Amino acid sequence: MFCAGGSDLNLGIETETLEFKRSTGELKEAINSICAILNKHQHGEIYFGVKSDGTPVGQTVTEESLREVSQKIGNFIEPKIYPEINRVILDGKECIHVSFEGNQIPYFSYGVARIRVADEDLQMSPEEITELLLKSGREGNRWENLISNKSINDIDEELLKKYIEQAHEAGRISVSYTDKRTVLNLLELTEGDKLTNAGKVLFSDDLIQDIQMAIFATEERVTFNDIQRFHGPVLKLVDIAEAYIRRNIRWRVEFTGSVQRTEIPEIPLDAVREALLNSFCHKDYSLGQSNEVAIYKNRIEIYNPGAFPEGFEPQDFIDRLERPIRRNPKIARILYYSKEIESFGTGLKRIADACATAGIRYEFKRLKSGFAVCFYRVEDETDKKPIKADKKPIKADRKKTIIKYIEENGYITNRAAREILGLADSTTKRILKEMVIEKILVEEGERKTRKYFLSQNCE
């Protein structure tokens, strides 16, 4: 503790390395300021209990309040810093002084990189983050390589087991599942007990990895008929988004002379999944924005908050073999191992080829806020006149999705069904009950432990 005496003390004005906060009630804003100052100057200081004009007003300072400041800085600034936090007396009033430094730029607060300009904390653009990375000379400082706020115990272990099995069967890794710590370490997704951001994105849950999905009533982003939002591991979000699109596009039926009929979607699903995987693979997670699926009357757009590489156009990666430019190379590599993506830098060409084969018009949109893949829908004559919706095809497709999941995983729970279908709990339970009544499924266990298996009639 130190004291500063004298009456009418004033600490001057805020600068690019000095910030004042009236109290720890502004702790979140202070953490953002620490991040911004570090990215600009690598050192700075903050006072709690001081007005923005530099006048001390004081605040209650206890062991708990000092501990709260320390813990919040530790939890919400990446990479970690170790500030000096002290109780000080300014003009006879208790205040808190925080002195900090760090050179592992770029720093992120609450998942977002910021930069100090005068006394403001501005969000950094993807180009500014990349430039800062290059200046730092440390490729390891990519966002995906930084230590996250999640530990090994936070992972979805069933998802990790399924991933390892899939990657092993694809012949792209020789790793077999032993235990989560060993496997995650071999995949280079941990630092001690902590997950890196790549590990968190792929196998754990956090609000920064989310997707918002909506159906709009017209061709404009005005009135929506449905809106849903999910967060979780990326591979689960891709499945949820794909199921949402499957349920809300048109299907046509073709008979080829055999007993079985062929159902064909209006948009090729392999192109849809490729676009979804690319949207999470190339997302700029430091921006803290959502991936989006928007279904309009005339098109479907899949958006990710991540600017397209400067100096390139999407067509460059279709017409010629440009070297891949990956925002998150580790995430891309993990998805490659499990054959979710076929090879590096070919995603746009695969989408283009699938749409060309299906005769579907597509468009790649470079936006100021990110990048979008747009699939144009074929006009349906039934849209021109109001008719009562036939829910049977939708219901049948949902049941096929459940059957496919069980074939791949052995069984399904209500929670898993709810996630892959993107439906409410009550609706999911009703579908599963119908499938039991129809003798498609058999159920075992009670309530939360209940599992559904394919009946012998369906095997």
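Just so you know, these numbers come straight off a predicted model, no measurement behind them.
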All heavy atoms of I105 vs all of L38, minimum pair found to be CG2-O, 3.7 Å
For E78 against S148, the heavy-atom pair lying closest together:
OE2-CA, 3.6 Å
Within the structure provided, determine whether [X] and [Y] are in side-chain contact (heavy-atom separation under 4.5 Å).
X: T182; Y: V175; answer: no
X: R246; Y: L269; answer: yes
X: I173; Y: I164; answer: yes
X: Y107; Y: I34; answer: no

Is it the case that D226 and Y244 place a side-chain donor and acceptor less than 3.5 Å from each other?
yes
Pairing donors with acceptors under 3.5 angstrom, does anything connect the side chains of Y296 and R221?
yes
Are E274 and R350 close enough, and set up right, to give a salt bridge (Lys or Arg N to Asp or Glu O under 4.0 Å), and what steps lead you there?
CA-CA 8 Å; E274 189 75 37; R350 287 163 58 81; 2.9 Å; yes
A217: side chain to side chain contact (heavy atoms under 4.5 Å, CB included) partners, not counting sequence neighbours
T223, N225
Considering residues at least two apart in sequence or located in another chain, which fulfil the side chain to side chain contact (heavy atoms under 4.5 Å, CB included) criterion with S369?
Y303, L367
Chi angles and distances behind the salt bridge (Lys or Arg N to Asp or Glu O under 4.0 Å) call for E419, R415
CA-CA 6 Å; E419 288 179 349; R415 179 180 178 183; 3.6 Å; yes
Using the side chain to side chain donor-acceptor pair (under 3.5 Å) rule, take T428 and N414 through it: C-alpha gap first, then chi angles, then the decisive distance, then the call.
CA-CA 7 Å; T428 304; N414 178 65; 4.9 Å; no
Would you check, one step at a time, whether the test salt bridge (Lys or Arg N to Asp or Glu O under 4.0 Å) holds for E363 with R299?
CA-CA 10 Å; E363 182 181 5; R299 69 193 188 282; over 6 Å; no
Do the ring centers of Y163 and F203 come within less than 6.0 Å of each other?
yes
Candidate list K150, K180, R181, test salt bridge (charged side-chain N to carboxylate O under 4.0 Å, His left out), partner D193, passing option:
R181
Please step through side-chain contact (heavy atoms from CB on, under 4.5 Å) for the pair K339 and E169, ending with a clear verdict.
CA-CA 10 Å; K339 218 171 181 179; E169 288 180 355; over 6 Å; no
Which residue pairs satisfy the side chain to side chain donor-acceptor pair (under 3.5 Å) criterion with at least one member in residues 68-77, sequence neighbours excluded?
none
For F216 and F224, take the angle between the two ring planes, folded into 0 to 90°, and tell me which bin it lands in: parallel under 30, tilted 30 to 60, perpendicular over 60.
perpendicular
Applying the side chain to side chain donor-acceptor pair (under 3.5 Å) criterion to K200, which one of D154, N149, D205 satisfies it?
N149
Please test W143 against V201 for side-chain contact (heavy atoms from CB on, under 4.5 Å), starting from the C-alpha separation and ending with a verdict.
CA-CA 11 Å; W143 182 89; V201 163; 3.8 Å; yes
Given the ring of Y110, does K28 sit roughly above its face, with NZ or CZ under 6.0 Å from the centre of the six-membered ring and within 45° of the axis?
yes
